[in-house]
Amino acid sequence: MVQVIRPPKGANIQTGDLVNKAGIYTKPGVVIEKKDDGTVVIDTDAEQVKRFHKHSNTSGLTLEDKDKFNTIMDDIMSSESNADRINNLQMKLDELRIDPNAQKLAQALRNEQAQLIRISRELPRVYQYDSNKI
């Protein structure tokens, strides 16, 4: 089902962002189009939601970053143990640390890593950290 709504003023909504519910519509969906009149088109098809938010809520990321996030997490989740997942994700985060354009993507991945840490009660074995903050 496709719905057209007007988001609240000042909302920075991007294509692919998750909308839990809007007005009288209580089914979650994703923004598939932003119109010039200020309204957005929301698709509530489960496959569309999964396309953009396969592993977790990636609202706020660009479409390109959403795709990168899902590709990285597909690779990370292919590992058997949560400890391996956490360590592999940490290596990817250390790579992204040097790219100033990847900060939002890195933050989304850090959030996912924090979730894995809470679930498994494991920590990364090796990580990089700013020496001024120690």
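As the structure is a computational prediction, the values presented were derived from the model and not from experiment.
Donor-acceptor pairing under 3.5 Å is recorded for the side chains of Q90 and D94. No side-chain donor from either of R110 and Q113 sits under 3.5 Å from a side-chain acceptor of the other.
Separating the CD atom in Q48 from the CD1 atom in I42 is a distance of 12.5 Å, to the nearest 0.5 Å. To the nearest 0.5 angstrom, L116 atom CG is 11.0 Å from N87 atom CG. A distance of 8.5 Å separates CG in D75 from NZ in K92, rounded to the nearest 0.5 Å. Within the model, atoms OG of S78 and CG of N88 stand 8.0 Å from one another, a figure rounded to the nearest 0.5 Å. Remark: T39 OG1 to D37 CG distance equals 3.5 Å, nearest 0.5 Å.
In terms of modelled atom types and a separation under 3.5 Å, the side chain of T44 and the main chain of G29 share no donor-acceptor contact.
Contact detail for L89 and L109: the closest heavy-atom pair is CD2-O, 3.7 Å. V30 approaches V49 most closely through the heavy-atom pair CG1-CA, 3.8 Å. Taking all atoms of both residues into account, the shortest heavy-atom contact from L105 to L61 is N-CD2, 3.9 Å. Among all heavy-atom pairs drawn from R85 and M77, the shortest one is NH2-O, 3.4 Å. Pairing each heavy atom of T58 with each of F52, the nearest pair is OG1-O, 2.9 Å. Summarising the geometry of L18 relative to N20, their closest heavy-atom pair is CD2-OD1, 3.5 Å, with the distance given to 0.1 Å.
If you chain together hydrophobic residues whose side chains sit under 4.5 Å apart, V41 and L63 fall into the same group.
Screening residues 56-68 for salt bridge (charged side-chain N to carboxylate O under 4.0 Å, His left out), with sequence neighbours left out, gives D17-K66, E64-K68. Legend: salt bridge (charged side-chain N to carboxylate O under 4.0 Å, His left out) pairs involving residues 50-60, not counting sequence neighbours, sorted by first then second residue: K54-D74.
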